[in-house]
Amino acid sequence: MPRLLALYQYLTPEDEPLGLDEAAERLAAFHAMKDSGVFVGYLSDKPSDKLICSCALAVIPNLTRSGRPYGLVENVITHPDHRGAGYGGRILSHAVGHAWQHDCYKVMLLTGSKRPQTHAFYQRAGFEASKTGYQIRRIAPRPE
């Protein structure tokens, strides 16, 4: 948990990090959502190695599309020292594969980034900018 919280600081450095107990409670609540998960990637198969990427997938029940759920990806992050090496794409691909295994009919995500390289990353991962997104926020978006 400490390594995941440290990685998230690169995603939202302006946020005050969660304490370990609160983070563990939030993660347990997330995992209580059927078929959802937080996926993490290490430099090797040993969990003691450096955590370099992560993304979260919420699998959401649905009453349309013959009752098939949909996936929502959030908090996609790769450690700055390892960007451009394909790790983020692999963790995102793993999350999408998980969604397909759990019969999701689509996986979607939003990005607030205006950076062309961020959009290119999601397009290389198979996502397309085919819908219009709207949101209402309680806290300001993170700065670019």
Side-chain angles (χ1 to χ4, degrees), residues 1-62 65 68-144:
M1 183 61 72
R3 287 178 284 177
L4 182 58
L5 294 177
L7 184 63
Y8 281 159
Q9 283 299 117
Y10 292 104
L11 185 64
T12 54
E14 67 282 357
D15 285 359
E16 188 171 324
L18 290 174
L20 288 178
D21 290 341
E22 185 176 6
E25 288 175 18
R26 300 288 169 92
L27 186 61
F30 191 85
H31 283 135
M33 295 171 41
K34 185 177 184 321
D35 302 327
S36 299
V38 176
F39 300 94
V40 295
Y42 296 91
L43 279 178
S44 77
D45 293 336
K46 296 183 290 186
S48 61
D49 285 342
K50 187 175 184 180
L51 177 63
I52 59 168
C53 59
S54 181
C55 73
L57 171 73
V59 174
I60 302 170
N62 189 23
R65 298 295 181 155
R68 293 175 69 191
Y70 60 93
L72 179 62
V73 169
E74 186 62 67
N75 300 329
V76 179
I77 181 68
T78 299
H79 190 285
D81 293 346
H82 299 282
R83 291 181 182 159
Y87 298 117
R90 281 187 241 156
I91 201 75
L92 191 54
S93 176
H94 184 76
V96 170
H98 182 87
W100 296 159
Q101 288 175 344
H102 291 90
D103 202 32
C104 290
Y105 81 93
K106 71 176 176 181
V107 177
M108 56 186 165
L109 60 80
L110 294 172
T111 181
S113 177
K114 306 287 189 260
R115 298 173 38 198
Q117 58 267 42
T118 301
H119 294 253
F121 165 74
Y122 289 125
Q123 289 169 351
R124 282 192 309 274
F127 288 82
E128 61 180 38
S130 61
K131 290 195 169 195
T132 301
Y134 294 91
Q135 62 180 339
I136 296 175
R137 300 185 66 94
R138 289 185 70 185
I139 61 172
R142 66 179 183 260
E144 233 351 86

Residues in side chain to side chain donor-acceptor pair (under 3.5 Å) contact with [X], at least two apart in sequence or another chain:
X	answer
Arg90	none
Thr12	Asp15
Thr132	none
Arg83	none

Please check if the side chain of [X] supplies one atom and the backbone of [Y] the other of a donor-acceptor pair under 3.5 Å.
X	Y	answer
Ser54	Phe39	yes
His82	Gly88	no
Thr78	Cys53	no

Item to check | Aromatic ring proximity His102/His98, centre distance under 6.0 Å | outcome: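 So the answer is yes for these two rings.
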
Next on the checklist: Considering only residues two or more places apart or on different chains, which pairs with a residue in residues 18-30 satisfy side-chain hydrogen bond (donor to acceptor under 3.5 Å, both in side chains)?
Outcome noted: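 Only Glu22-Arg26 qualify under side-chain hydrogen bond (donor to acceptor under 3.5 Å, both in side chains).
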
Would you name the heavy atoms of [X] and [Y] that are closest together and state the gap between them?
X	Y	result
Lys131	Lys106	NZ-NZ, 3.2 Å
Leu92	Ala125	CD2-CB, 3.7 Å
Met33	Ala58	CE-CB, 3.7 Å
Tyr105	Trp100	C-CZ3, 4.1 Å
Phe127	Val107	CE2-O, 3.6 Å
Cys104	Val59	SG-CG1, 3.8 Å

Item to check | Step-by-step side chain to side chain contact (heavy atoms under 4.5 Å, CB included) determination, Tyr8 to Leu18 | outcome: CA-CA 10 Å; Tyr8 281 159; Leu18 290 174; over 6 Å; no

Checklist entry - What residues, two or more places apart in sequence or in another chain, satisfy salt bridge (charged side-chain N to carboxylate O under 4.0 Å, His left out) together with Glu14? => result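 So Glu14 forms no salt bridge (charged side-chain N to carboxylate O under 4.0 Å, His left out) with any residue.
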
Checklist entry - Should we count CZ of Arg68 as having more than 12 external heavy atoms under 6.0 Å? => result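 Yes - once you tally the heavy atoms of other residues, nucleotides and ligands closer than 6.0 Å, there are more than 12.
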
Checklist entry - Is the number of heavy atoms from other residues, nucleotides or ligands under 6.0 Å of Ile60 CD1 greater than 12? => result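 Atom CD1 in Ile60 is packed in, count exceeds 12.
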
What is the distance from atom [atom1] of [X] to atom [atom2] of [Y], rounded to the nearest 0.5 Å?
X	Y	atom1	atom2	result
Ser113	Phe121	OG	CZ	11.5 Å
Cys55	Leu11	SG	CG	11.5 Å
Asn75	Leu109	CG	CG	11.0 Å
Lys50	His79	NZ	NE2	4.0 Å
Gln9	Glu16	CD	CD	9.5 Å
Leu7	Ile77	CG	CD1	5.5 Å

Next on the checklist: Are the side chains of Leu5 and Leu20 in contact, using a 4.5 Å heavy-atom criterion?
Outcome noted: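 Answer yes - side chains close enough.
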
Checklist entry - Going through the checks in order, is the side chain to side chain contact (heavy atoms under 4.5 Å, CB included) test met by Met108 and Val73? => result CA-CA 6 Å; Met108 56 186 165; Val73 169; over 6 Å; no

